[in-house]
Protein chains: 2
Amino acid sequence: MGVTERKEREKTEMRELITAAAMKMFLEDGYAKTSIRGIADAIEYSPGTIYLYFKDKDELLYEVQADAYGRLFEVFKKEATSTDPLEKLNQLARAYINFGLNNPELYDLMFIIRAPMNVDEELHKVNGANCLNFLIDCLTDCINKDLLRMTDVQQATLQIWSTVHGLVSLNLRCRLKIMVESEEAVPLVLIKTMEDYLAAVTK
Amino acid sequence: MGVTERKEREKTEMRELITAAAMKMFLEDGYAKTSIRGIADAIEYSPGTIYLYFKDKDELLYEVQADAYGRLFEVFKKEATSTDPLEKLNQLARAYINFGLNNPELYDLMFIIRAPMNVDEELHKVNGANCLNFLIDCLTDCINKDLLRMTDVQQATLQIWSTVHGLVSLNLRCRLKIMVESEEAVPLVLIKTMEDYLAAVTK
DNA sequence: TTTGGATAATGAACAACGTTCAGTATATTT
DNA sequence: AAATATACTGAACGTTGTTCATTATCCAAA
């Protein structure tokens, strides 16, 4: 009686089909400009069908968010590999900033877009926490080895996250136009500012 | 022949009537949840009338934004009064954070909401630049007196702005739920983190 | 004071949106 | 083969921002 299992499999396959199409369109046009009707068209189903698999557009956002956190975590693991805690912290911060610059629409729906945060969500919590823990672990290491001017890990985490998120999000909302002369200078300026910050808080 | 002048006055009065109603509703419900029809109802005019004074909803946003920058500037002038540059910087950062916590919807439409930034806009540019220059002047003072671990004013400005904006905006999007235990602890934690940061970059 | 042309305001109409649901088609079980 | 359960549809609802022909109001000239 493998029929119920096949049904189950088809159900998750359909969810993944929808999620994949949504991710593609969110990346290209952003969350707001992507319509349910558009997603339905892309996968050649009726709009109503999507609501058989997702409660509403927000639930679709959460699904894509979880995926996005996974991607960021992969980038972290790939880019921040140094055994030197300070160097690793630098790599981590660079990776974060570059991720934001290279995937603006993705960064948007992960950290900027307005959507009630259901922290209870399993996948979301896990992947989001993975990214955060990567930073926390790195900072714990730095602080234990007395390399930074901070002693509290939570405070240090908040500081560095706020700094890099601030840089990326202000840029994404064009608020740095007044300060940074040319558009193509932005990546370098952001990285430089972050490194200046790290240098300042390094013992 | 004061008729053209009266017409002019009535025109700006109408604009202000609309702007005031928009500001009120943006503050209460946010930009997205405020409809043109709602604003029209509030001032007892037809929806179409609003379009005789504003090109679209975004132009209304710009008007309110300019107003909001003015408010922030007033807060700066009122709160950051110390003659000690470092203390003044601290006051400035506190004022910024508190402004964001006390006026979440306003902060949202000033710095987070998606809207094409027409930096050419007069009022907008002036008020926005006022706020930024307040910070730049303060930091210039600090750096000239060799009180900070940075030498470049632009970098320093970017650093501090990113940090406080990062703190406020991450909190506004509920991203600190994972890190900060209780909701009411947030203001203290944000201020503490900012002060830790300032302490770290102070010589 | 009446008339004619500018100006101001209206509100119905349009297209697009998220979402729902009665109805239809397909698949599974009896 | 019939009855039941499941999957899907697409028209419809209530919003939204925005437009525009129509109507009302005002002001200057006759």
Side-chain angles (χ1 to χ4, degrees), chain A residues 1-19 21-23 25-26 28-65 105 109 113-116 118, chain B residues 1-23 25-26 28-65 105 108-109 113-116 118:
Chain A
M1 188 61 72
V3 61
T4 62
E5 290 149 20
R6 197 204 62 213
K7 283 283 169 90
E8 201 70 26
R9 197 178 60 235
E10 280 175 353
K11 196 130 194 164
T12 68
E13 271 170 5
M14 189 62 171
R15 271 186 75 100
E16 277 162 15
L17 180 69
I18 297 170
T19 307
M23 168 65 98
M25 298 181 74
F26 288 173
E28 283 168 9
D29 310 321
Y31 177 74
K33 286 190 178 174
T34 302
S35 71
I36 298 287
R37 283 175 174 82
I39 298 171
D41 270 6
I43 59 172
E44 295 178 300
Y45 275 86
S46 145
T49 304
I50 291 178
Y51 287 87
L52 300 175
Y53 296 88
F54 294 91
K55 195 176 117 282
D56 52 25
K57 205 185 169 191
D58 275 346
E59 199 173 297
L60 242 158
L61 173 63
Y62 297 142
E63 198 80 9
V64 173
Q65 258 179 358
E105 293 294 350
L109 65 84
I113 263 185
R114 199 156 215 165
N118 299 353
Chain B
M1 188 59 74
V3 60
T4 60
E5 291 147 20
R6 198 205 57 213
K7 283 283 169 92
E8 201 70 27
R9 198 179 59 234
E10 280 175 353
K11 196 131 193 161
T12 67
E13 271 170 6
M14 189 64 172
R15 272 186 74 100
E16 278 161 14
L17 180 69
I18 297 170
T19 309
M23 168 65 98
M25 299 182 73
F26 287 174
E28 283 168 7
D29 311 322
Y31 177 74
K33 286 189 177 175
T34 301
S35 70
I36 298 287
R37 282 173 176 82
I39 297 171
D41 270 6
I43 60 173
E44 294 178 300
Y45 275 86
S46 144
T49 304
I50 291 178
Y51 287 87
L52 299 175
Y53 297 88
F54 294 90
K55 197 175 114 282
D56 52 23
K57 205 185 168 189
D58 276 345
E59 199 174 297
L60 242 159
L61 174 64
Y62 298 141
E63 198 80 10
V64 173
Q65 258 178 357
E105 293 294 349
D108 214 85
L109 66 84
I113 264 183
R114 199 158 216 164
N118 299 353

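By convention in this document, chain letters (A, B, ...) are assigned in the order of the sequence lines, proteins followed by strands, and residues within each chain are numbered from 1. Atom set for the values below is all heavy atoms of this structure, side chains included, hydrogens, waters and symmetry mates excluded.
Along DNA chain C, the nucleotide closest to Glu44(B) and the one closest to Ser35(A) are compared, and the more 5′ of them pairs with Glu44(B).
The CD1 atom of Ile36(B) sits 16 Å away from the C1' atom of dT10(C) (whole-angstrom rounding). Atom P of nucleotide dT20(C) and atom NZ of Lys57(A) are separated by 15 Å, given to the nearest angstrom. Leu52(A) places its CG atom 14 Å from the C1' atom of dG23(C), with the value rounded to the nearest Å. Straight-line distance from the CG atom of Asp56(B) to the P atom of dT19(D): 8 Å, rounded to whole Å. Separating the CZ atom of Arg37(A) from the C1' atom of dT16(D) is a distance of 12 Å, rounded to the nearest angstrom. Regarding Tyr51(B), its OH atom lies at a distance of 4 Å from the C1' atom of dG17(D), rounded to whole Å. The distance between atom CE of Met25(A) and atom C1' of dC17(C), rounded to the nearest whole Å, is 13 Å. The distance from atom CZ of Arg15(B) to atom P of dA8(C) is 14 Å, rounded to the nearest whole Å.
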Next item on the list: Using the side chain to side chain contact (heavy atoms under 4.5 Å, CB included) rule, take Glu59(A) and Asp56(A) through it: C-alpha gap first, then chi angles, then the decisive distance, then the call.
Entry: CA-CA 5 Å; Glu59(A) 199 173 297; Asp56(A) 52 25; 3.8 Å; yes
Item checked: Steps toward side chain to side chain contact (heavy atoms under 4.5 Å, CB included) verdict (Leu17(A), Tyr45(A)) -> CA-CA 11 Å; Leu17(A) 180 69; Tyr45(A) 275 86; 4.3 Å; yes
Margin query: Could you walk me through whether Thr49(B) and Met14(B) satisfy the side chain to side chain contact (heavy atoms under 4.5 Å, CB included) test, starting with their C-alpha distance in whole Å, then the side-chain angles of each, then the deciding distance to 0.1 Å, before giving a yes or no?
Written below: CA-CA 10 Å; Thr49(B) 304; Met14(B) 189 64 172; 3.7 Å; yes
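Tyr62(B) does not carry Lys55(B) over the face of its six-membered ring by the limits of under 6.0 Å from the centre and within 45° of the normal.
Here the side chain of Thr49(B) is nearest to one of dA8(C), dC17(C), dT10(C), namely dT10(C). Checking dG11(C), dC8(D), dA7(D) against the side-chain heavy atoms of Tyr45(A) singles out dC8(D) as nearest.
Checking the phosphate oxygens (OP1, OP2) of dG10(D), no side-chain nitrogen or oxygen of Ser46(A) falls inside 4.0 Å. Considering only side-chain N and O atoms, Tyr53(A) lies under 4.0 angstrom from the phosphate OP1 or OP2 of dC8(D).
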